[in-house]
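Residue numbers begin at 1 in each chain, while the letters A, B, ... track the order of the sequences. Just so it is clear, the structure is predicted and the values come from calculations on it, not from any experiment.
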Protein chains: 2
Amino acid sequence: MRLYTDQTRILVAVDCIIFGYDGENLKLLLIKRGFEPRKDEWSLMGGFIGGNENLYEAAERILYQLTGLKEVYLEQLKAYGTPDRDPIERTLSVAYCALIDINKYKMQINDQYHPEWFLLNELPRLIFDHDKMVDEAKRKIRYKAAIHPILFELLPKKFTIPQLQKLYEQVYGTTIDNRNLIRKINSSKLLIRLDEKDKSSSKKGAFYFKLDEDKYEANFQAFLNFIPNPGNLIG
Amino acid sequence: MRLYTDQTRILVAVDCIIFGYDGENLKLLLIKRGFEPRKDEWSLMGGFIGGNENLYEAAERILYQLTGLKEVYLEQLKAYGTPDRDPIERTLSVAYCALIDINKYKMQINDQYHPEWFLLNELPRLIFDHDKMVDEAKRKIRYKAAIHPILFELLPKKFTIPQLQKLYEQVYGTTIDNRNLIRKINSSKLLIRLDEKDKSSSKKGAFYFKLDEDKYEANFQAFLNFIPNPGNLIG
DNA sequence: TCAAAAGTGTTCTTTGTACACCCATGA
DNA sequence: TCATGGGTGTACAAAGAACACTTTTGA
């Protein structure tokens with residue numbers, strides 16, 4: 001049955017903006033495009049939507065194909081529909097943001113995509129409108145992380161306060177007073193201190209913390225305030 | 001040239017969630033669907049994307065067809081892509097939120113769509129996943145209005161503080177202390193008081209205010225704080 | 001003159017911010 | 001013992017929240 005005659009049908013793709021943090025640097029995972037047009041240029045990982053998939057499932061599949069990871073933070077960013085964004089044929093793309101702990105990522109054996117992690121402020125030019133997608137994704141993450149505790153998604157189960165602080169500093173491109181950051185995080189009561197210490201980056205060692213999962217869930221929608229003057233920083 | 005062979009091409013629609021405020025009540029503009037399937041049921045205003053339009057332009061066109069209005073607040077909400085959301089044929093829909101001043105709206109002569117304004121908490125059942133779109137749009141507006149001055153988009157050029165307060169109260173379904181709200185709005189310095197008064201709703205009359213457009217632009221991305229405990233209210 | 005809506009201030013509490021020193025340890 | 005990074009506290013400023021009375025004026 002086709003009641004919607006005379007309408008144009010177009011391709012629909014999903015592209016993933018994959019942020020990762022290794023405890024030191026905030027990075028983005030890009031692939032070398034394997035087919036024409038723009039073969040061998042850097043690109044977001046994407047794919048056409050499958051016949052029986054919804055958008056979120058397509059994003060999960062694409063992320064899994066590239067990273068081997070499931071059940072990571074994954075959120076729709078926006079749909080991009082400029083008619084000529086793909087020069088071959090009109091393609092609407094729905095962009096998704098993913099936040100992953102780089103240590104969990106293992107390059108897939110036999111990987112056809114030639115993925116590479118790039119420092120977020122040393123990105124190469126990307127194909128089509130992928131640069132714009134990345135800009136808008138960075139902005140959205142900055143926006144959201146100023147109010148909600150999403151950056152914990154980039155950290156391992158156990159992490160130290162200095163790691164957390166470096167992460168915030170990278171996301172906002174600024175230095176943050178650690179006493180004030182710690183006080184804000186403590187007052188949110190989201191973290192549980194473990195007895196164990198990480199001695200890999202100092203002699204004294206830094207205590208490991210973990211998320212209190214229940215409080216994390218409960219406070220996710222609260223308006224917290226981790227960052228001073230966020231309005232000036234999300235630009 | 002068709003390099004993307006073997007991929008399914010699908011229909012792409014844009015649906016508009018149109019919020020309006022008349023100085024008293026917050027409302028949503030719905031139409032009676034004019035064709036099968038689900039003919040004569042209530043629905044968001046939507047349409048398929050045209051051959052040479054981007055998504056925003058399609059939303060503008062659809063809004064204009066229904067309301068005769070251009071240059072109103074219009075923002076992409078989200079793409080909806082569940083395979084069977086339209087029972088006839090797979091259709092991806094990109095939802096847009098619009099905020100308009102109902103007084104500017106004039107029913108189009110010869111209107112084929114039979115539009116009606118519904119009170120926001122007395123909505124009828126809508127077709128497909130439109131109920132979900134509306135819920136998510138309400139949530140997004142609540143979220144955003146707690147931090148950014150978007151609700152002014154729903155007001156006329158000249159408006160009174162009591163109108164503004166009623167609007168906030170409707171959006172959040174709560175009563176708001178007018179002294180505190182006024183202080184917050186004053187400290188944002190967004191409003192300019194006019195000499196004129198609106199005497200239509202009281203004997204004393206309420207001063208009209210207008211937006212300071214420059215400061216509005218400049219502060220749009222700032223994190224303001226119009227609402228107490230927004231985390232509890234955006235539900 | 002009175003009913004109905006508009007407008008206005010104060011106090012207290014909480015949160016934000018700026019700032020500098022001691023601690024623990026392995027090399 | 002000393003260099004390195006980790007950890008802690010205080011004082012002042014700003015913002016948020018709770019709270020009730022006076023003003024205006026047309027009917």
Rounded interatomic separation in angstrom, taking CZ from Phe207(A) and P from dG7(D)
7 Å
Whole-Å distance, Lys197(B) NZ to dG26(D) C1', equals 13 Å
Could you state the CD1-C1' distance from Ile161(A) to dT8(D), rounded to the nearest angstrom?
13 Å
Let me know the distance between CG of Asp198(A) and P of dG6(D), rounded to the nearest Å.
9 Å
Is the terminal nitrogen or CZ of Lys78(A) (NZ for Lys, CZ for Arg) located under 6.0 angstrom from the six-membered ring centre of Tyr80(A) and within 45° of that ring's axis?
yes
Is Asp177(B) touching bases, backbone alone, or none of the nucleic acid, heavy atoms closer than 4.0 Å?
base
Could you tell me whether the side chains of Thr160(A) and Asp198(A) share a donor-acceptor contact shorter than 3.5 Å?
no
Starting from the 5' end of DNA chain C, give me the residue, Phe209(B) or Lys184(A), whose nearest nucleotide shows up first.
Phe209(B)
Sorted by chain and number, sequence neighbours left out, side-chain contact (heavy atoms from CB on, under 4.5 Å) with Asn103(A) holds for Asp101(A), Pro156(A)
To the nearest angstrom, the CD1-C1' distance between Ile182(A) and dT8(D) comes to 8 Å
Report yes or no: is there a donor-acceptor pair, N or O only, under 3.5 Å between the side chain of Lys204(B) and the base of dT23(D)?
yes
Using a heavy-atom cut-off of 4.0 Å to chain A, what are the terminal contacting nucleotides of DNA chain C, in 5' to 3' order?
dG16(C) to dG26(C)
Earlier contact from the 5' end, DNA chain D, for Lys199(B) and Arg179(A):
Arg179(A)
Interatomic distance where CZ belongs to Phe223(B) and P belongs to dG16(D) [whole Å]
14 Å
Donor + acceptor pair across side chains of Asn180(A), Arg183(A) (<3.5 Å):
yes
Lys140(A): what forms a side-chain hydrogen bond (donor to acceptor under 3.5 Å, both in side chains) with it, not counting sequence neighbours?
none
Indicate, with a heavy-atom threshold strictly under 4.0 Å, whether Ser201(B) touches base, sugar-phosphate, or nothing.
sugar-phosphate
Length of the CG-P vector between Asn178(B) and dC19(D), whole Å
14 Å
For the aromatic rings, using the six-membered ring if either is Trp, is the centroid distance between Tyr73(A) and His148(A) under 6.0 Å?
no
Tell me: CG of Asn180(A) to P of dT10(D), nearest whole Å?
14 Å
